[in-house]
Amino acid sequence: MKRTWTLAAVSVALAFTTAVVVAQREGTGVIFARSRSATFSPMRPGVSSSVVWGDTLTGPFGGFTKFRAGFDAGLHTHTADVLLVVLRGAYLYRDDAGAKRVGPGDFIRIPGGHKHWSGGDPKEGALFYQETFGKFDLIPAR
């Protein structure tokens, strides 16, 4: 029951944040999208994306992302914070504090500039909704 309430709270927070940002930027209100019927475009080998609102290249955005099974993004950072909720499969995450398996209904916020590794579950890959409040980038760590 506690997990249900946590998921509900995270979902409401993301929905509210998305609605506020989109309303400010585009003058619209509610946005509804289904991951099952989204059209995905390849971003890089092993990753595809379906942008729901905003623009990944110029500023804040939200959308669905898929990692193929076993995808390895390597050690990297992002300029802006990345917030994501897994819908199917598992987003694998690792940093100096340890590893996390972010599964369906789980939320993770990765602060901009935070060095981490991420990838997709070896068997299922991952489908997740993500938002950033700046343009999206992936900066390989040295």
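Side-chain contact check for Thr79 versus Ile139: some heavy-atom pair is nearer than 4.5 Å. Residues Ser49 and Gln130 have side chains not in contact (no heavy-atom distance under 4.5 Å, counting atoms from C-beta outward). Taking the side chain as every heavy atom from C-beta outward, Tyr129 and Leu84 never approach each other to under 4.5 Å. Side-chain contact between Leu92 and Pro122: present, with at least one pair of heavy atoms (C-beta onward) separated by less than 4.5 Å. Counting heavy atoms from C-beta on, the side chains of Phe40 and Leu127 come closer than 4.5 Å. In this structure, Leu83 and Thr132 have side chains that are not in contact, with every pair of non-hydrogen atoms separated by 4.5 Å or more. Residues Arg44 and Phe71 have side chains in contact (heavy-atom distance under 4.5 Å, counting atoms from C-beta outward). Side-chain contact between Val52 and Ile31: present, with at least one pair of heavy atoms (C-beta onward) separated by less than 4.5 Å.
Separating the CZ atom in Arg101 from the CG atom in Asp121 is a distance of 4.5 Å, to the nearest 0.5 Å. Between the CZ atom in Arg36 and the CG atom in Leu87 there is a gap of 10.5 Å [rounded to 0.5 Å]. Atom CZ of Arg94 and atom OG of Ser118 lie 9.5 Å apart (nearest 0.5 Å). Interatomic distance, CZ of Phe61 versus CG of Asp55, reported as 9.5 Å (0.5 Å rounding).
The aromatic rings of Phe128 and Phe67 lie perpendicular to each other, with more than 60° between the two planes, well past the 30° mark. Note: His78 and His116 have tilted aromatic rings, judged against thresholds of 30 and 60 degrees for the angle between ring planes.
Remark: Asp81 engages Arg109 in a salt bridge, criterion side-chain N to carboxylate O under 4.0 Å. Salt-bridge annotation for Asp96 and Lys115: absent, with no side-chain N of the basic residue lying under 4.0 Å from a carboxylate O of the acidic one.
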